[in-house]
Amino acid sequence: MEENLLIQKLRELLARDFVHRKSIESDLYRSEEKYRMLIDQLTDAIYLSTLDGTFTGCNRALLEMLGYSYKELMQLSVSAIYAHPDDRRHLLQQLIDKGEVRDYEVQLKRKNGELIDCLVNSSVRRDQNHEIVGFQGIIRDITLRKKTFELQRAKDLAERANKFKAEFLANMSHEIRTPMNAIGGMLQLLNKTNLEPKQHEYLDGMQTAVDSLLQIINDILDFSKIEAGKMELDNRPFSLQQTVEAIISTIRFKAEEKGLELVLDMDPSIPPNLQGDPLRINQILLNLISNAIKFTPEGEVRVTIRLIDKLDHKARLFFSVKDTGIGIEQEKLQDIFESFTQASTDTTRLYGGTGLGLAIVKKLIDMLNGAIMVRSRKGQGSEFIFELELSQTDNVQPASQSEQEKDWSTVQDLQARFLMAEDHALNQLVTTEMLKGRFPSLQIDVAETGRQAISLFEDHNYDLVLMDVQMPEMDGHEAARYIRTHFPKPKSEVPILAFTAYATSGEAEKCLEAGMNDYISKPVRATQLISKIMQMLDASEQFSKEHFLHESKVQEHISFEYLNTVTEDDEELKLRMMRIMLDETPMELKSLEEAAAASQWDNLRAVAHKMKSTMQFLGLEDTLETVKFIEVSARERTHLEQIPEKVRSVVQVCTRALGALQEEIDRIK
Ligand code: ADP
């Protein structure tokens, strides 16, 4: 019985152990299954391999990553999946040395030969004796990530390169413009000298070449400015009618030269006061119309502008420039607005140009939130159409240039003293010659930097300042601001004309903001420069209009009548007196100027007093009156504001008289 009981107990124990074992096994199974599923669902690939390089297990992600079936992979040597066998060798070495490897970058090869970039994290597997039996690891496919990263890097690099290119082009074109402007100016001067007809012809050819070079440089400058995001738009009231008419009138002669009809058809219902950037609209239309004329051998060029609708103070406008010219081939039409594109390779040879014009037009229209398209057929003409939306304004636009302009041709000479701040020697020469050629009595002092200009300005009184914007040390803006803020009135109110390298809207505004009265863009044309200067002097309160010398009022000349009477024709005495005057007058003039500039009225009175006799001896009666005026007003402290101008006139007349005096001395000797 006891034995039976024992056997019974044993059985029970065994049975319980069996059940327990069974339950452990099924738990184990479930847990393994759970992990297997988890591992299979991982997107990262997992593998087990042996020391001798065969796979012993993997998840589904590895099969998908490499493109093999489970069976195929298990029969494959591990090294077969490496694109570069050396990579596996290095990986194994590191594993053996350190036991594990993190983020090892390799290129693996898929079954179809495709290469993929991967990161491997792996460790060694050991048996009970701590011997390495194989490896296990996780592989992550980073091909996409790497491509995206590389693309981003390439994009960043390309953008940087593009910006650099644009800045380089902008700088280069600026550098090229400066000497080109000087050449243009020299040609204008040369044109005024006595030349043979043949030489005139050559000169005209050179001028045309300079103009077209400048046009190309301007295009490049514009293009690169837009690319570099540096083109600023203006937003001011303007009349579209005036803008368009001005373009047509400047370009009409080109159409007439070719016997083409240039027709403007403008909707009269277009609001007269619009707001926007007339300079850019001008540029767009000028480009399209010039192209139309250039590519049309006969027929007409028609510019049509219509009002599409008006809503909430906004006017939508339609523009068309249509020609009857050579047209453009269909396949070239889609990339005609790309930069450096010409419709045919013959174009440059036949018509010149860089293929930048339309690219600029397109970019400008994009900037103005408009849209442009082209319709054309080879041999049947082209039509460029675009739309723009412009705001209407209640502000009235300033009168057009032509309304403001006066005729200055009757003014023969100008008694004035200018300060020119310009660092470029050739430009100094060109501007000086242009002005002196027109006004022989004009005195121009030249400063090469803004700082030098200020120091000259401190010592002298000027009627006008010609200020180049770009100068070393202190630029034109700074110098103008300095003049406006650091000097007492009326000195600080001197008219200042800015010379800008390029007529961009931002540049013009900057000049006006710095306190300059007006600006002129290089290359400077003599007529334009002179008319601007005359307008400014005419408007200036400090400048006496008597110094516009009309034909009848030529500058007074030296006369020896009085001297002859005083010396009773004693040549010896006369010569001695003349020598004294020749020696002393320059010093007196200098003292006169310095005393006036420094407002040292007592000194000024004394010098003026002393100078009276010289004026009398030289027969300069008008100037004698001026010197007397200076003396009295310095003594009484009255009309002081007129002194700078009076002093200047004395200096000019006397400087000239001294030349004549020297000639007379040479003659008598
Ligand atoms: P380009 O300075 O070469 O004229 P554009 O960008 O202004 O550069 O024009 C690009 C090209 O488009 C021209 O070279 C020409 O082949 C073509 N094209 C432009 N306008 C016209 C037109 N009105 N008729 C025919 N072809 C044109």
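Order of listing sets the numbers, starting from 1, for every ligand and every atom in it. Here the structure is a predicted model, which is why all the values come from computation and not from measurement. For this chain, numbers begin at 1 and follow the sequence in order. These values consider heavy atoms only, across backbone and side chains, with no hydrogens, waters or symmetry-generated copies.
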Contact region, Leu358 to ligand 1, non-hydrogen atoms below 4.0 Å, reads both

Quick check: closest heavy atoms across Val524 and Ile520, and the distance to 0.1 Å? CG1-CD1, 4.1 Å

Side chain or backbone, does Asn287 bring an N or O within less than 3.5 Å of an N or O on ligand 1? no

I'd like to know if the side chain of Gln428 reaches the main chain of Glu422, judged simply by a donor and an acceptor atom lying under 3.5 Å from each other, with no hydrogens or angles considered. yes

Polar-atom distance check: Gly357 versus ligand 1, any N or O pair below 3.5 Å? yes

Give a yes/no on ligand 1: does Phe337 have at least one heavy atom closer than 4.0 angstrom to it? no

Heavy atoms only, cut-off 4.0 Å: how does Leu356 contact ligand 1, side chain, backbone, both, or neither? backbone

Options Ile328, Leu333, Asp323, Ile326, ranked by nearest heavy atom to atom 23 (N) of ligand 1, top entry: Asp323

I'd like to know if the side chain of Asp423 and the backbone of Thr449 have a donor-acceptor N/O pair within less than 3.5 Å. no

Taking only heavy atoms of Gly327, which atoms of ligand 1 are found under 4.0 Å from at least one of them? 25 (C)

Any heavy atom of Gly325 sitting closer than 4.0 Å to ligand 1? no

With sequence neighbours excluded, tell me which residues meet side-chain contact (heavy atoms from CB on, under 4.5 Å) with Phe318. Arg306, Ile308, Ser320, Ile385

Go through ligand 1 atom by atom and flag the ones less than 4.0 Å from a non-hydrogen atom of Ala292. 23 (N)

Closest to atom 7 (O) of ligand 1 (heavy atoms only, candidates Val361, Ile360, Asn291, Leu288) is Asn291

Report the part of Ile336 (side chain from C-beta onward, or backbone N, CA, C, O) that has a heavy atom under 4.0 Å from ligand 1; answer both or neither where that applies. side chain

Any heavy atom of Lys332 under 4.0 Å from ligand 1? The part involved is neither

If you measure only the distance, is there a donor-acceptor pair under 3.5 Å linking the side chains of Asp222 and Gln283? yes

Please identify each residue that fulfils ring-ring contact (aromatic ring centres under 6.0 Å, His included) with Phe319, with sequence neighbours left out. Phe386

Less than 4.0 angstrom from a charged side-chain N to a carboxylate O is my criterion; do Asp156 and Arg160 meet it? no

Any salt bridge between Arg153 and Glu150, counting N to O under 4.0 Å? no

